[in-house]
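Residue indices begin at 1 and follow the sequence shown.
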Amino acid sequence: MKMEEEEGRKIREAFIAEPGHLLVSADYSQIELAVMAHLSKDPNLINAFKERVDIHKRTASFIFGIPEDQVDADHRRIAKTINFGVIYGMSAFRLARDLGISNSLAKEFIDSYFSTYSGVAGFIQKTIKEAQEKGVTFTLFGRRRQILGINSKNKTEQQAAQRVAVNTPIQGTAADIVKIAMIRVHRRLKKEMPEVRMLLQVHDELVFEAPQAMAARAMELIQEEMEHAVQLDIPLRVSMESAASWGEMHL
């Protein structure tokens with residue numbers, strides 16, 4: 001386990017439910033990739049989510065040209081790095097550094113990714129162009145962010161601004177969805193299960209405390225509200241867990 005993961009677990013172990021209660025975790029599964037699939041309208045990405053396959057294994061299968069049942073841990077690790085790296089505008093140089101491979105091989109992987117998910121490539125190009133023309137970019141729900149430096153003559157500054165322009169609609173929309181879900185869940189719990197309390201929001205995860213006898217029903221209610229918070233081209237998925245402490249989850 002990486003040091004930061006171990007430190008994170010130690011912090012979570014400090015969150016303990018009251019006697020007779022359980023902590024409930026509701027975590028959106030790969031919400032940023034789901035948002036990217038919706039925004040890009042890429043058919044391969046959308047199909048992977050609709051078929052509920054391991055998106056990283058599917059990507060690895062495309063990139064390496066092998067059946068999914070032949071994808072090993074290294075193949076999947078590379079594909080996962082690329083899947084999430086695209087959201088942040090990862091360059092071939094950065095990918096090569098993170099994976100410990102040559103720049104030329106990293107470029108091959110990225111080129112193969114965009115060949116497979118051409119809709120994602122189109123979305124990135126369109127988003128950058130719109131940001132250059134308007135100076136702003138938007139989330140799916142209309143929140144706007146000014147993109148400073150998008151037309152800078154300084155190439156480094158311009159590239160950094162392009163990464164922000166592409167990342168904002170994805171991460172910003174994911175954040176919007178989490179906030180909408182929090183409102184929906186809060187209203188429903190207040191009406192039907194006021195004994196259940198929302199405690200924390202950490203990235204794409206919501207943490208609740210529920211009386212032990214109500215935990216199972218609360219998990220059903222929370223999952224239902226979160227998965228139906230918004231309507232996208234692909235279904236949202238939420239992973240549910242419960243335990244006496246937060247540190248016992250995500251093992």
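Looking at H203 and D27, their side chains never come closer than 4.5 Å, going by heavy atoms from C-beta outward. With contacts defined as side-chain heavy-atom distances shorter than 4.5 Å, the pair K41/D233 qualifies. Between L95 and T81, the closest side-chain pair of non-hydrogen atoms falls below 4.5 Å. No side-chain heavy atom of F138 sits less than 4.5 Å from a side-chain heavy atom of T127. For the pair Q158 and I150, the minimum side-chain heavy-atom distance is 4.5 Å or more. In this structure, D42 and S118 have side chains that are in contact, with non-hydrogen atoms separated by less than 4.5 Å. Looking at H21 and Q212, their side chains never come closer than 4.5 Å, going by heavy atoms from C-beta outward. No side-chain heavy atom of V202 sits under 4.5 Å from any side-chain heavy atom of V207.
What you find for V136 and Q146 is that their closest heavy atoms are CG1-CA, 3.9 Å. Considering every non-hydrogen atom in both Q70 and H75, the closest pair reads O-ND1, 3.8 Å. Of all non-hydrogen atoms in V24 and S242, the two that sit nearest each other are CG2-CB, 4.2 Å. Listed here is the closest heavy atom pair of A243 and M249: N-CE, 3.6 Å. The two atoms that bring I180 and A229 nearest to each other are CG2-O, 3.7 Å, heavy atoms only. Residues P169 and V35 approach most closely at O-CG1, 4.1 Å, considering heavy atoms.
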| Step-by-step side chain to side chain donor-acceptor pair (under 3.5 Å) determination, S29 to S239 | CA-CA 6 Å; S29 301; S239 300; 3.0 Å; yes

| request: Dump the intermediate steps for side-chain contact (heavy atoms from CB on, under 4.5 Å) on Q132 and Q162, then the final yes or no. | output: CA-CA 9 Å; Q132 289 170 334; Q162 289 176 355; 3.8 Å; yes

| message | If you apply the rule side-chain contact (heavy atoms from CB on, under 4.5 Å), what do you find for N167 with R163, and how did you get there? | response | CA-CA 6 Å; N167 177 252; R163 289 193 292 271; 5.9 Å; no

| request: Go through the steps to decide whether T116 and T59 satisfy the test side-chain contact (heavy atoms from CB on, under 4.5 Å), and finish with yes or no. | output: CA-CA 8 Å; T116 298; T59 298; over 6 Å; no

| field | F208/M219 under side-chain contact (heavy atoms from CB on, under 4.5 Å): CA gap, chis, key distance, verdict | value | CA-CA 9 Å; F208 303 80; M219 290 172 74; over 6 Å; no

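Just one residue in the list I87, L45, I170, I234 forms a side-chain contact (heavy atoms from CB on, under 4.5 Å) with L33, and that residue is I87. The only member of V166, I124, T173, V86 that meets side-chain contact (heavy atoms from CB on, under 4.5 Å) when paired with M36 is V86.
Counting non-hydrogen atoms of other residues, nucleotides and ligands closer than 6.0 Å to CZ of R77 gives a total above 12. Other residues, nucleotides and ligands contribute at most 12 non-hydrogen atoms within 6.0 Å of the CZ atom of F93. By the 6.0 Å contact criterion, CD on E51 is enclosed, its count of non-hydrogen atoms from other residues, nucleotides or ligands being greater than 12.
Using cut-offs of 30° and 60° for the angle between ring planes, the F62 and Y117 rings count as perpendicular. By the 30° and 60° cut-offs, the orientation of the rings of H56 relative to F84 is tilted.
By the criterion of side-chain heavy atoms lying less than 4.5 angstrom apart, applied directly or through intervening Ile, Leu, Val, Met, Phe, Trp or Tyr residues, F123 is grouped together with L232 in one hydrophobic cluster. If you chain together hydrophobic residues whose side chains sit under 4.5 Å apart, F15 and M182 never meet in one group. In terms of hydrophobic clustering, with Ile, Leu, Val, Met, Phe, Trp and Tyr side chains grouped at heavy-atom distances under 4.5 Å, L189 and I183 are assigned to different clusters. Follow the hydrophobic side-chain contacts under 4.5 Å out from L206 and you never reach I16; the two are in separate clusters. Under a hydrophobic clustering in which Ile, Leu, Val, Met, Phe, Trp and Tyr are joined whenever their side-chain heavy atoms come within less than 4.5 Å, directly or via other members, L23 and V185 fall into different clusters.
Using a cut-off of 4.0 Å between Lys/Arg side-chain N and Asp/Glu carboxylate O, E192 and R217 are scored as salt-bridged. Under 4.0 Å is where a charged nitrogen must lie from a carboxylate oxygen, and between R12 and E248 no such pair does. In summary, K57 and E68 do not engage in a salt bridge, as defined by a charged side-chain N under 4.0 Å from a carboxylate O.
For the atom pair CD1 of I82 and CG of L99, the computed distance is 7.0 Å after rounding to the nearest 0.5 Å. Between the CD atom in Q159 and the CG atom in N154 there is a gap of 9.0 Å [rounded to 0.5 Å]. Rounding to the nearest 0.5 angstrom, the gap separating the CD atom in E157 from the CG atom in L148 is 8.5 Å. One distance of note links CG of D204 with CD1 of I177; it measures 9.5 Å at 0.5 Å rounding. The NE2 atom of H38 lies 12.0 Å from the CD1 atom of I31; values are rounded to the nearest 0.5 Å. For the atom pair CD1 (I63) and CG (N83), the distance works out to 7.0 Å, reported to the nearest 0.5 Å.
The closest donor-acceptor contact from the side chain of Y28 to the backbone of M226 lies under 3.5 Å. Here the side chain of E225 pairs no donor or acceptor atom with the backbone of A181 at under 3.5 angstrom. A distance-only check finds a donor-acceptor pair linking the side chain of H228 to the backbone of E224 [under 3.5 Å]. Judged by distance alone, the side chain of T139 and the main-chain N or O of R143 form a donor-acceptor pair under 3.5 Å.
Looking at R145 and T137, their side chains never bring a donor and an acceptor atom within 3.5 Å of each other. With 3.5 Å as the limit, one finds a donor-acceptor pair spanning the side chains of Q171 and Y88. At a cut-off of 3.5 Å, with distance as the only test, no side-chain donor of E241 or W246 sits close to an acceptor on the other residue.
The distance between the ring centers of F109 and F64 falls below 6.0 angstrom.
Every residue meeting the side-chain hydrogen bond (donor to acceptor under 3.5 Å, both in side chains) condition with D54, not counting sequence neighbours, appears here in chain and number order: R76. With sequence neighbours excluded, the residues that form a side chain to side chain contact (heavy atoms under 4.5 Å, CB included) with D111 are K107.
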